[in-house]
Amino acid sequence: MIHLSPAAISEIRRLQLKQQPKTLLRLTIKLGGCSGWFYDISFDQTVKVDDRLFNVNGIEVVIDDHSYSYVHELALDYSEDLMGGGFRFHNPQAIATCGCGNSFSIATANSV
């Protein structure tokens, strides 16, 4: 399960209004970034065979099985500052993060 702050929920809903109806929030991790892994958020309309589907405060979140092991208990927030707005990831499993907060490393990381 992941957690969404009220600010993240508000921003996701705002972005969903610009998408086609019935969009799902897809959260994936990918190899890369300055700490080894990075978060990728997109909108999707399809749930695949290896996906897990969660309803988090009315937001349907899709996470593939591989990514789920890296983001279990992740807290997603949204905030705006002088540099603009953006999602902030708070991952209790991360042992290191980069300065931008979108890249992380984890002790149990397996290769993709």
Drop me the distance from [X]'s [atom1] to [Y]'s [atom2], to the nearest 0.5 angstrom.
{"X": "E60", "Y": "D44", "atom1": "CD", "atom2": "CG", "answer": "11.5 Å"}
{"X": "N55", "Y": "M1", "atom1": "CG", "atom2": "CE", "answer": "8.0 Å"}
{"X": "H3", "Y": "N57", "atom1": "NE2", "atom2": "CG", "answer": "10.5 Å"}
{"X": "T46", "Y": "K48", "atom1": "OG1", "atom2": "NZ", "answer": "7.0 Å"}
{"X": "H72", "Y": "S67", "atom1": "NE2", "atom2": "OG", "answer": "14.5 Å"}
{"X": "I2", "Y": "Y68", "atom1": "CD1", "atom2": "OH", "answer": "9.5 Å"}

L15 and F43: side chain to side chain contact (heavy atoms under 4.5 Å, CB included), yes or no, with the steps? CA-CA 9 Å; L15 293 171; F43 290 104; 3.7 Å; yes

Quick one: name the residues clustered hydrophobically with V49, using the 4.5 Å side-chain heavy-atom rule over I, L, V, M, F, W, Y, and just say none if it's on its own.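 The other cluster members (ILVMFWY side chains, heavy atoms under 4.5 Å, direct or chained): none.
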
Suppose clustering is done on Ile, Leu, Val, Met, Phe, Trp and Tyr with side-chain heavy atoms closer than 4.5 Å. Which residues sit in the same group as L24? V47, L53, V62

Going by the rule side-chain contact (heavy atoms from CB on, under 4.5 Å), which residues pair with I41 if we only count those two or more places apart in sequence or in a different chain? L25, L27, L76, F87, F89

Kindly give the heavy-atom pair with the smallest separation between D77 and S5, and that separation in Å.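 Between these two residues, the closest heavy atoms are OD1-OG, 2.6 Å.
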
What are the two closest heavy atoms between P92 and E73, and how far apart are they?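 Taking P92 first and E73 second, the nearest heavy atoms are CD-O, 3.4 Å.
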
What I want to check is whether the side chains of S42 and R26 have a donor and an acceptor closer together than 3.5 Å. no

If the condition is salt bridge (charged side-chain N to carboxylate O under 4.0 Å, His left out), which residues does [X] pass it with, not counting sequence neighbours?
{"X": "D40", "result": "K30"}
{"X": "D65", "result": "R52"}
{"X": "D64", "result": "none"}

Checking I63 against F54 for the side chain to side chain contact (heavy atoms under 4.5 Å, CB included) test, could you report, in this order, the C-alpha distance in whole Å, the side-chain angles of both residues, the deciding distance, and whether it holds? CA-CA 8 Å; I63 306 171; F54 303 95; 4.1 Å; yes

For Y39 and Y70, I'd like to know if the aromatic rings sit close, meaning centre-to-centre distance below 6.0 Å. no

